[in-house]
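Here is the structure we will look at, set down as structure tokens.
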Amino acid sequence: MEQYIMKGGNPLAGEVVISGAKNAALGILAASIMTDDDVVIENLPDVSDTNALIDAICHLGASVVRPDRHTVKINAKNIHAITVEDEDMRKMRASYYLIGALLGKYKSAEVPLPGGCTIGSRPIDQHIKGFRALGADVSIVRGAVFAHAIDLVASHIYLDVVSVGATINIMMAATMAEGETIIENVAKEPHVVDVANFLNSMGANIRGAGTDVIRIRGVRRLHGTTYSIIPDQIEAGTFMCAAAVTRGDITVKNVIPKHMEAISAKLREMGCEVVEFDEEIRVVGKPKQRHMNFKTLPYPGFPTDMQPQMTVALSLAEGTSVVTESIFENRFKYVAELSRMGANIQVEGSVAIVDGVEKLTGAQIEAPDLRAGAALVLAGLAAEGYTTIDEIGFVERGYENFEGKLRGLGANIERVDSEKEAKKFRLRVG
Ligand code: UD1
């Protein structure tokens with residue numbers, strides 16, 4: 001029964017160092033198997049999603065050395081399989097990146113259909129459309145994607161929806177296709193740019209990442225590299241929201257402020273003080289914070305992965321806010337849990353109407369998915385009394401040492417796995 005137990009009420013204050021970006025790491029780890037040389041990846045977040053992908057890469061036959069928690073050295077020279085095992089991958093979304101990586105290098109991939117958070121139907125039709133345009137024969141049989149090609153050839157691909165996953169996946173496969181591939185209407189998220197930079201550091205020829213059009217001139221081989229992953233935009237945003245939710249004063253360190261603009265702007269609109277430095281941002285929450293409206297959009301719009309955390313902040317702001325979720329259709333599941341803590345939120349389809357309340361009260365709740373789980377932790381840290389959160393495996397997929405970092409900011413929180421430990425926590429905290 002692993003769970004977080006916390007006693008709310010402490011404004012969080014201090015400094016927190018942000019880890020490497022999970023979503024960039026997933027693309028980069030997959031892409032690292034596209035060369036026979038050594039690849040060293042630094043600033044790797046130590047979270048269960050990246051560790052699951054590293055296990056899968058090992059099972060394919062690559063040699064993996066972990067000199068420390070945040071560094072991995074991968075050599076894929078001895079890869080002997082193009083089939084990814086089921087158990088490795090069912091639980092996570094980013095297994096699909098192994099399709100693009102294997103198809104690019106070995107022209108063949110067999111990968112179970114991705115699982116991940118149930119925040120929507122999450123089809124992969126755009127990925128498949130891209131692979132087919134590059135000349136691959138793609139079929140879905142018994143829950144797995146089979147992609148095979150004799151040769152991959154460049155193509156002109158227009159994505160019907162702006163998709164992070166499809167952009168990265170097609171970019172990887174096209175890196176080793178013959179000729180110049182053009183992908184239009186691509187995602188511009190920082191992690192798309194990071195994966196492109198990583199591939200370029202291996203000798204790929206990718207231009208335009210971070211704009212609407214990516215051009216890839218295929219190369220025959222990629223070489224080894226040493227690469228450091230960018231900071232995690234969503235982890236940083238979560239701690240910035242923690243300052244707003246708990247009326248605290250938090251400095252997030254090791255961030256790229258440019259990536260945080262949408263979040264900084266919205267926190268300012270609520271009345272928080274947000275000060276940007278070269279590689280850090282300080283957020284000071286205010287006793288009275290105002291309502292505002294926001295809508296999730298592809299980057300540089302407001303990230304869907306920050307929607308629950310910001311909604312928790314709004315649930316404690318003055319007035320009525322309107323939150324529109326335009327990326328995933330099932331991303332308000334946490335609202336039921338938050339309501340049990342006293343929040344006043346009505347959900348109608350893709351819109352949540354948030355009537356701010358004076359306070360939240362502790363409750364026994366469950367994390368419905370990764371980001372919502374983190375948001376509920378923030379709610380518990382602001383709430384009166386004790387909160388316990390079950391299903392924290394979701395949170396651990398994407399946040400490294402979440403409870404430790406929160407404790408460093410003064411939170412009363414612990415990860416426990418028995419009723420006895422929970423009792424001990426209550427006795428200690430009082
Ligand atoms: C990635 C992130 C996830 C984030 C999301 C949006 C990773 C591992 N996950 O997920 O944390 O919430 O971007 O920023 O990086 N779609 C299709 N067909 C496709 C692909 C996507 O219709 O082939 C739709 C999706 O259902 C969704 C939208 O496009 O409505 C965006 O999805 P996408 O950007 O692909 O999300 P993921 O890559 O799955």
Side-chain angles (χ1 to χ4, degrees), residues 20-31 45 47-53 56 89 91-101 111 113-133 138 140 145 147 157-173 183 185-196 198 229-230 232-235 237-238 259 262-263 295-310 324-333 350 369-375 394-395 397-399:
K22 175 196 74 120
N23 287 348
L26 294 169
I28 287 171
L29 283 167
V47 294
S48 63
D49 262 13
T50 51
N51 292 333
L53 188 56
M89 291 286 90
K91 284 177 258 119
M92 64 182 308
R93 182 80 192 147
S95 50
Y96 56 38
Y97 287 143
L98 289 172
I99 312 174
V111 179
L113 277 168
C117 285
T118 53
I119 52 181
S121 61
R122 309 187 82 172
I124 59 161
D125 57 301
Q126 298 302 306
H127 305 231
I128 293 173
K129 169 177 151 171
F131 297 143
R132 284 190 176 138
V138 187
I140 295 178
V145 179
I157 301 159
Y158 174 82
L159 296 182
D160 301 315
V161 291
V162 177
S163 158
V164 170
T167 302
I168 292 179
N169 228 343
I170 300 167
M171 184 168 79
M172 286 197 288
I183 321 175
N185 196 29
V186 294
K188 297 180 276 200
E189 267 67 3
H191 40 289
V192 172
V193 179
D194 209 35
V195 179
F198 171 73
I229 296 172
I230 53 164
D232 198 300
Q233 176 205 29
I234 305 302
E235 190 199 12
T238 302
H259 295 167
I263 298 149
K295 180 176 182 176
T296 61
L297 287 169
Y299 189 81
F302 191 91
T304 173
D305 283 1
M306 280 302 303
Q307 181 261 100
Q309 303 88 315
M310 193 59 92
T324 309
E325 171 57 56
S326 80
I327 311 288
F328 292 113
E329 66 274 19
N330 207 0
R331 226 171 175 170
F332 284 125
K333 280 192 294 187
S350 61
D369 60 66
L370 162 58
R371 304 302 172 184
F394 281 120
V395 180
R397 285 183 39 201
Y399 290 87

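Keep in mind that what you see is a predicted model, and the values were worked out from it rather than measured. In each ligand, atom 1 is the first atom listed, and ligand 1 is the first ligand listed.
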message = Please work out, at 4.0 Å between heavy atoms, whether the side chain, the backbone, both, or neither of Tyr299 comes within that distance of ligand 1.
response = neither

task = Heavy-atom distances under 4.0 Å are what count here, so tell me which part of Ser163 touches ligand 1: side chain, backbone, both or neither.
result = both

query = For Pro45, does its backbone N or O pair with a side-chain atom of Thr50 as donor and acceptor, under 3.5 Å?
reply = yes

request  = Report, in ascending order of atom number, the atoms of ligand 1 lying under 4.0 Å from any heavy atom of Ile124.
outcome  = 19 (C), 23 (O)

request  = State the atoms of ligand 1, each with its element, that fall below the 4.0 Å cut-off from a heavy-atom position in Gln126.
outcome  = 18 (N), 19 (C), 23 (O)

ask   = Who's closest to atom 29 (O) of ligand 1 heavy-atom-wise, of Ile168, Val161, Leu370?
value = Val161

Proximal ligand 1 atoms for Arg331, defined as those under 4.0 Å from one of its heavy atoms = 12 (O)

ask   = Can Pro123 be said to touch ligand 1, with heavy atoms closer than 4.0 Å?
value = yes

Working for side chain to side chain contact (heavy atoms under 4.5 Å, CB included), residues Lys295 and Phe302 = CA-CA 7 Å; Lys295 180 176 182 176; Phe302 191 91; over 6 Å; no

task = May I ask you to decide if Ala375's main-chain N or O and Gln309's side chain share a donor-acceptor pair within less than 3.5 Å?
result = no

inquiry  = Can you name the atoms of ligand 1, numbered from 1 with element, that are less than 4.0 Å from a heavy atom of Gly165?
reply    = 35 (O), 38 (O)

message = For Arg331, is there an ion pair with Asp305 - N to carboxylate O distance below 4.0 angstrom?
response = yes

ask   = Quick one: does ligand 1 sit under 4.0 Å from the side chain of Val162, the backbone, both or neither, non-hydrogen atoms only?
value = backbone

request  = Give the C-alpha distance, both sets of side-chain angles, the deciding distance and a yes or no for side chain to side chain contact (heavy atoms under 4.5 Å, CB included) between Ile99 and His127.
outcome  = CA-CA 9 Å; Ile99 312 174; His127 305 231; over 6 Å; no

ask   = Should the proximity of Lys129 to ligand 1, defined as any heavy atom under 4.0 Å, be assigned to the side chain, the backbone, both, or neither?
value = neither

query = Are the side chain of Ser326 and the backbone N or O of Thr296 linked by a donor-acceptor pair below 3.5 Å?
reply = yes

query = Would a distance-only check, ignoring hydrogens and angles, find a side-chain to backbone donor-acceptor pair under 3.5 Å from Asn51 to Val47?
reply = yes

inquiry  = side chain to side chain contact (heavy atoms under 4.5 Å, CB included) for Leu53 and Ser95? Distances and angles first, verdict last.
reply    = CA-CA 7 Å; Leu53 188 56; Ser95 50; 5.8 Å; no

query = Where on His127 is there a heavy atom closer than 4.0 Å to ligand 1, on the side chain, on the backbone, on both, or on neither?
reply = both

key: ligand 1 versus Val164: contacting region, heavy-atom distance under 4.0 Å   = both

key: SB check Asp49 Lys22 (cutoff 4.0 Å)   = yes

message = When you compare the side chains of Glu325 and Thr304, does any donor N or O come within less than 3.5 Å of an acceptor on the partner?
response = yes

inquiry  = Are any of the N/O atoms on Ile327, whether in the backbone or the side chain, positioned under 3.5 angstrom from an N/O atom of ligand 1?
reply    = yes

Proximity winner for atom 8 (C) of ligand 1, if only heavy atoms of Asn23, Asp369, Asp305 are counted = Asn23

remark   = Near Thr304 (heavy-atom distance under 4.0 Å), the atoms of ligand 1 are 6 (C), 12 (O), 14 (O)

